[in-house]
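Everything below concerns the one structure shown next.
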Amino acid sequence: RVPRAGPVNLAESPRRTGLCNDSSMSTTLVRGACPHDCPDTCALRITVLDGRAVKVQGDPDHPPTHGALCTKVSRYAERTYHAERVLTPLKRVGAKGIGSFLPVSWDEALRDIAGRLRAIAARDQQAIVPYSYAGTMGLVQGESMAARFFNKLGASRLDRTICSSAGGEALVATYGAKIGMHVENYARSKLILVRGSNSIAPKLHFWTFAQQAKRNGANLTCIDPRKTETADKCHQHIGLLPGTDGALALGIMHELIVNDWLDHDYIARHTEGWMKLRERALGWPPERASATCGIGADEVRSLARDYGTIRPAAIRLNYGMQRVRGGGNAARLVAILPCLVGAWRDAAGGMLLSSSGWFNAVRNDSGLQRPDLLGARRPRIINMSTIGDDLLRESDAQLPDKARFGPKIEALLVYNSNPVAVAPESPKVVQGFKREDLFTVVLEHFLTDTADHADYVLPATTQLEHLDVHLSYGHTYAMMNEAAIPPLGQARSNAQIFRDLARHMGFDEPCFADSDEALARCALNHNVDFAALRDRGWVKLTLPDAPFADGGFATPSRKCIIDSPQFGVPDHVPNYESAESSPELARSYPLAMISPPARNFLNSTFVNVKSLRDIEVKPVLEMHLNDALARGIVSGQRVRIFNQRGSTQCTRCS
Ligand SMILES: Nc1nc2c(c(=O)[nH]1)N[C@H]1C(S)=C(S)[C@@H](COP(=O)(O)OP(=O)(O)OC[C@H]3O[C@@H](n4cnc5c(=O)[nH]c(N)nc54)[C@H](O)[C@@H]3O)O[C@H]1N2
Ligand SMILES: Nc1nc2c(c(=O)[nH]1)N[C@H]1C(S)=C(S)[C@@H](COP(=O)(O)OP(=O)(O)OC[C@H]3O[C@@H](n4cnc5c(=O)[nH]c(N)nc54)[C@H](O)[C@@H]3O)O[C@H]1N2
Ligand SMILES: [Mo]
């Protein structure tokens, strides 16, 4: 008999059901999915002992997860049972921002919130704004009941632009959708260019495949301004200046043309508009690319030689490189490269930025989100990245139609996001959230910087406490997340909270009564067998191994679009405030700064988990030794990082 508190032998537990009971050990093994904003979307196995989740592990049977989790998510139970969890509805008693609240009943909170929203909606529904992102990427606890609620209400819509819009648009313009290689196939590549992606830190699962390839003799090159942990483990590191990936791609194209390393047959049959780009690329000899990118001309030449001659050649692109002014153009140029050399002919060749578009065939967004509830109304769209400015805007009804913002924002409902910590131009965001005439409701696990500014904080369940269905932007499996434990305290799932709010608002369409399970069943169409998904925990999409070996992109012509009707031929577009675009400013502020994610946090999530905080210790600045010496800055010294727009403080690490 296994001791009750002892380790659970996963290998001996039944695997075939979503919920596996083994009463002799009083343990349950539950299938889950990692909810976080990361391409890996791991399959989880949660061990529940006497009703308490004691262990969160990676599922060894799910190929992309292969039994491994990142440090953060392996501590997910520590986060769920954290002493600071918000477990009752809270009502503000002090000034906005200080986080002073008193517990209230659900009934009181819901009645009061519904009353406030009804009063605002009676003036203008668009004065109410939802604010959400990818705190959970679940289809049920993301935009399901919440979307129905806001559609019925006629609230402003939110454009969710904070992370990946430029790269996503680039893929859609080039391939017709956000589609790419199967991540597993990198294991068989012979050349891998890791571009704008610190693969070891945020998404260790791609890295496992890259390492397999490396053991089989593949050449790994990291293209990143920073010498990351990933760069250290690649054969080559190309340390280009931030925002110059487009110039590097053009320089590579130049070399592919003059050395005739092009796949003319693939270009002729599967691309549109190459001749125009060819002409542009001929203006980018390695010397010009090297001057723009701040690297050696030889580096451009040897990179082009590798890319033009080694097969299979794969590119792993990530969102790090598209958060600059020319990011969309650069992502398009990189996405065109595999078509020029015919890399797509191999299953282990091509590129991957996002795989989320493969799921377009199985999603049922209109059934889940019910845009029909809007009727003929077309509410304005608020860009989540400008929320600071927008919260500070007055109504401008006197302006001509086109310039109009519409009604002043009077209410914000925040879920799955922490805008006060993550939205750009924080001082404005904070000032906006502090407005006494703004009514703010935050659905949260913790008193985040945003929750501190709320009128009501509503306790939300974590991934261990609710049911959900997940897709991925890094692999091609649909995933199931079963509730492993009952909700803690008075926590309710996001979907439940919006269901309750809908009832209090008097929304009586039957769709507002759908349970979380009904929403999960509705999220995917008949192309996914829900019973199989539940049974196994995941279902792999049926896709060809080498999806574009013979063209077949998702564009109307089935070709890769180089000359886009909407955007023309892609070009290198210099970054704002770079030496190229504003030499004056660049003289005053000659250093470029980028802020990649912390390895042990997930954006602002997990920052309060002590074991992870202990690893991160404090925010650090990494800088080149020469730049530090020139300024007399030594290791461990506190430094101020500033430009004309703001400043922050960090400790310089070695
Ligand atoms: N541990 C951890 N993992 C995470 C996250 C986290 O916060 N922590 N966040 C998650 C989220 S939301 C996202 S979007 C992804 C982000 O993960 P990625 O998409 O990989 O993006 P970043 O980590 O922001 O940047 C990756 C690398 O891009 C480099 N980079 C910056 N600018 C440029 C450039 O102009 N050109 C090139 N070539 N490289 C550049 C940075 O130095 C960095 O090493 O990670 C997810 N995973
Ligand atoms: N300072 C800073 N700013 C950033 C980034 C950064 O790393 N640092 N990263 C940038 C990027 S790439 C992105 S994608 C965005 C990310 O911005 P956000 O999507 O806002 O990400 P997080 O900061 O992780 O905040 C997510 C919040 O959702 C909550 N949450 C998680 N699950 C649930 C749930 O089931 N229900 C409810 N109600 N809440 C839940 C978490 O507790 C957390 O507070 O930020 C961008 N801005
Ligand atoms: Mo992100």
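All values reported here derive from a predicted model rather than from experimental measurement. Remember, it's 1-based here, ligands and their atoms both numbered in the order they're listed.
- Ion pairing between R599 and E229 holds under the 4.0 Å rule for side-chain N and carboxylate O.
- Look at T461 and you'll find a heavy atom under 4.0 Å from some atom of ligand 2.
- To the nearest 0.5 Å, atom NE2 of residue H36 and atom OG1 of residue T41 are 11.0 Å apart.
- Contact annotation: for A421 versus ligand 2, heavy atoms closer than 4.0 Å belong to the backbone alone.
- Ring pair Y415/F498 is perpendicular by interplanar angle, where above 60° counts as perpendicular and below 30° as parallel.
- Using a 4.0 Å cut-off between charged side-chain N and carboxylate O, R148 and D514 make a salt bridge.
- Taking distance alone, with nitrogen or oxygen atoms compared against 3.5 Å, I594 stays at or beyond that limit from ligand 1.
- Ligand 2 is approached by H466 to a heavy-atom distance shorter than 4.0 Å.
- The two residues R332 and A170 make their nearest non-hydrogen contact at CG-CB, 3.6 Å.
- Here the heavy atom of the protein found nearest to atom 47 (N) of ligand 2 is V422 O, 3.0 Å.
- Classification of D232 and K227 as a salt-bridged pair holds, one side-chain N sitting under 4.0 Å from a carboxylate O.
- Comparing L612, T228, N603 by heavy-atom distance to atom 9 (N) of ligand 1, the nearest is N603.
- Nearest to atom 18 (P) of ligand 2 among the protein's heavy atoms is S417 OG, 3.9 Å.
- Between A598 and ligand 1, at least one pair of N/O atoms sits closer than 3.5 Å.
- Side-chain N/O atoms of T71 and S74 include no donor and acceptor closer than 3.5 Å.
- The option with the heavy atom closest to atom 32 (N) of ligand 1, from among P242, G326, G320, S604, is G320.
- Salt bridge annotation for K178-E169: absent, with no cationic side-chain nitrogen under 4.0 angstrom from a carboxylate oxygen.
- Scanning all heavy atoms of the two residues, the minimum distance from C653 to E622 falls at SG-CG, 3.5 Å.
- When the heavy atoms of R323, K227, R599, E622 are ranked by distance to atom 1 (N) of ligand 1, first place goes to R599.
- The closest non-hydrogen atom to atom 44 (O) of ligand 1, taken over L248, L317, D224, comes from D224.
- Remark: minimum distance from atom 43 (C) of ligand 2 to any protein heavy atom is reached at E444 OE2, 3.3 Å.
- Note on ligand 2: R79 sits in its first shell, one or more heavy atoms being nearer than 4.0 Å.
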Intermediate values then yes/no, side chain to side chain donor-acceptor pair (under 3.5 Å), T208 and Q211: CA-CA 5 Å; T208 311; Q211 273 179 313; 5.2 Å; no
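- Of the N or O atoms in P225, none lie within a sub-3.5 Å distance of an N or O in ligand 1.
- For the pair R92 and Y456, the cation-pi test (distance below 6.0 Å, angle within 45°) is failed.
- For atom 13 (C) of ligand 1, the candidate residues are Y473, F601, F606, Y319; the nearest heavy-atom contact is made by Y473.
- Using a non-hydrogen distance threshold of 4.0 Å, T230 does not register as a contact of ligand 1.
- Shortest contact from atom 34 (C) of ligand 2 to any protein heavy atom: N416 OD1, 3.2 Å.
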